[in-house]
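See below for the structure under consideration.
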Amino acid sequence: MKKSETALVVIDLQKESGFGLFGLDEVVNNTQRMIKACRAAGIPVIYTRQINRHDGVGLSLDEPRHANGEPHFYPDNRDSIEIMEAVKPLDTDIVIDKYRWSAFFDTSLDLMLKSLGVKHLIIGGVVTDGCLMTSVFDAYFRDYRIQLVHDMCTASNEGAHMAAMTIMANWVYALEVLDTDNMIQCLEGQDYTAWNADEADALQFTPETLRDTFGKLTAPSSSSQK
């Protein structure tokens, strides 16, 4: 990992994100720590915001609306589209607005990353099984290497979070999964522990084994140490 070719991407930590996401306080705290560490290392910090026009123009097909036709989530006439105060961007940071889940779909994110010479992404955010996962897959399709910080991510329920994390680990080959502590150790040039796939579909699971399988992802053995 070259710091000069790395960026942190924080997906949709907006005021709207308080709509029942489990463990959100921990995610925000870990994101604060990661932002601080990346800034100290000279790594660019990029935020995304999910936005819907309040009049519904351009809204995703069949997305929930209020009776007056206004989008239920992220309407652009409300303060809820703004980044949470706890992780508020600096003027020097980059904020990418998006109208679909993926941070790369019809946005300037790829352009900004290429302009910065970025080839490697540190990524976290919400929701794991929606905007975060689609952004990770789209980053992979554009040949970015990815470090996915699992305790910077959350979803509306634990099962969806675990399943989405495991699916990404199974099929995004250029991926490391690690926690905030280990990501910071990596940035500081220390040994760190991460999960890496050694084969396709490495973490097969059933409804009954999902939690145990997810545990292998989030608590990798010391043999993964770098």
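- A distance of 10.0 Å separates CD of Glu70 from CG of Asn52, quoted to the nearest 0.5 Å.
- For Asn170 (side chain) and Ala202 (main-chain N/O), a donor-acceptor pair under 3.5 Å exists by modelled atom type.
- Under the 4.5 Å side-chain contact rule for hydrophobic residues, Ile146 and Met168 share a cluster.
- Between the side chain of Thr48 and the main chain of Asp12, a donor-acceptor pair closer than 3.5 Å is present.
- Nearest heavy atom pair, residue Leu121 against residue Val118, reads CD2-CG1, 3.7 Å.
- A donor-acceptor pair under 3.5 Å links the side-chain atoms of Gln32 to the main chain of Ala86, judged by distance alone.
- Atom NZ of Lys114 is surrounded by more than 12 heavy atoms from other residues, nucleotides or ligands within 6.0 Å.
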For this session: Before giving the answer on side chain to side chain contact (heavy atoms under 4.5 Å, CB included), spell out for Leu116 and Ile94 the whole-Å C-alpha distance, their side-chain angles and the decisive distance to 0.1 Å.
Result: CA-CA 11 Å; Leu116 291 167; Ile94 295 171; 4.0 Å; yes

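- Closest approach of His72 and Arg78 over heavy atoms only: O-NH1, 4.5 Å.
- Checked by atom type and distance alone, the side chain of Lys3 never pairs as donor or acceptor with a backbone atom of Ile43 at under 3.5 Å.
- With hydrophobic clusters built from ILVMFWY side chains whose heavy atoms lie under 4.5 angstrom apart, Trp101 does not share a cluster with Ile46.
- Here Glu5 pairs with nothing under the side chain to side chain donor-acceptor pair (under 3.5 Å) rule; sequence neighbours left out.
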Problem set entry | salt bridge (Lys or Arg N to Asp or Glu O under 4.0 Å) evaluation trace for Asp76 with Arg53 | CA-CA 5 Å; Asp76 62 6; Arg53 284 178 57 102; 5.4 Å; no

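- Considering only heavy atoms from C-beta on, Tyr99 comes within 4.5 Å of Ile51 through its side chain.
- Taking CD1 of Ile123 as the start and CE of Met152 as the end, the distance is 8.5 Å to the nearest 0.5 Å.
- At least one donor-acceptor pair closer than 3.5 Å links the side chain of Thr206 to the backbone N or O of Thr209.
- In this structure, Phe137 and Trp171 have side chains that are in contact, with non-hydrogen atoms separated by less than 4.5 Å.
- When the side chain to side chain donor-acceptor pair (under 3.5 Å) test is applied to Thr92, no partner is found at least two apart in sequence or on another chain.
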Problem set entry | Derivation and outcome, side chain to side chain contact (heavy atoms under 4.5 Å, CB included), residues Asp179 and Thr218 | CA-CA 7 Å; Asp179 62 19; Thr218 56; over 6 Å; no

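- The side-chain heavy atoms of Val136 and Met133, taken from C-beta on, include no pair separated by under 4.5 Å.
- Ile96 CD1 to Thr107 OG1: the interatomic distance, rounded to the nearest 0.5 Å, is 5.5 Å.
- No single ILVMFWY cluster, assembled from side-chain heavy atoms under 4.5 Å apart, contains both Phe22 and Val27.
- Between Asp93 and Tyr47, the closest side-chain pair of non-hydrogen atoms falls below 4.5 Å.
- Checking Tyr192 against Glu176 by side-chain atom types alone, a donor-acceptor pair falls below 3.5 Å.
- Dense packing is recorded around CZ of Arg142, with more than 12 heavy atoms of other residues, nucleotides or ligands lying under 6.0 Å away.
- In this structure, CZ in Phe214 is found 11.0 Å from CZ in Phe205, a value given to the nearest 0.5 Å.
- Considering all non-hydrogen atoms of both residues, Ile122 and Met183 come closest at CD1-CE, 3.7 Å.
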For this session: Apply side chain to side chain contact (heavy atoms under 4.5 Å, CB included) to Val149 and Asn30, showing your working.
Result: CA-CA 9 Å; Val149 186; Asn30 288 331; over 6 Å; no

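- When all heavy atoms of Leu210 and Gly159 are compared, the pair lying nearest together is CD2-O, 3.9 Å.
- Considering every non-hydrogen atom in both Arg100 and Gly58, the closest pair reads NH1-O, 2.8 Å.
- Between Glu16 and Gln14, the side chains place no donor N or O within less than 3.5 Å of an acceptor N or O (distance only, hydrogens not considered).
- In the hydrophobic clustering of this structure, Val126 groups with Val87; members are Ile, Leu, Val, Met, Phe, Trp, Tyr whose side-chain heavy atoms approach within less than 4.5 Å, directly or through other members.
- Hydrophobic clustering, with ILVMFWY side chains joined whenever heavy atoms are under 4.5 angstrom apart, keeps Phe141 apart from Phe105.
- Taken from CD1 in Ile35 to CG in Leu13, the straight-line distance is 7.5 Å, to the nearest 0.5 Å.
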Exercise. Run the side chain to side chain contact (heavy atoms under 4.5 Å, CB included) check on Ile11 and Gln50 step by step: do they pass?
Worked result: CA-CA 9 Å; Ile11 302 292; Gln50 179 71 24; over 6 Å; no

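- Residues satisfying the side chain to side chain donor-acceptor pair (under 3.5 Å) test with Arg145, not counting sequence neighbours, are none.
- Between Leu187 and Cys38, the closest side-chain pair of non-hydrogen atoms falls below 4.5 Å.
- Pairing each heavy atom of Ser135 with each of Ala103, the nearest pair is OG-N, 2.9 Å.
- For the pair His120 and Lys2, the minimum side-chain heavy-atom distance is 4.5 Å or more.
- Atom NZ of Lys98 is separated from atom CG of Asp106 by 12.5 Å, given to the nearest 0.5 angstrom.
- No side-chain heavy atom of Ile167 sits under 4.5 Å from any side-chain heavy atom of Asp129.
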For this session: Might you work through the salt bridge (Lys or Arg N to Asp or Glu O under 4.0 Å) test for Asp79 and Lys15, ending with a clear yes or no?
Result: CA-CA 7 Å; Asp79 185 58; Lys15 296 177 182 179; 2.7 Å; yes

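- Gln204 has its side chain out of reach of Thr213: every pair of non-hydrogen atoms, C-beta onward, lies at least 4.5 Å apart.
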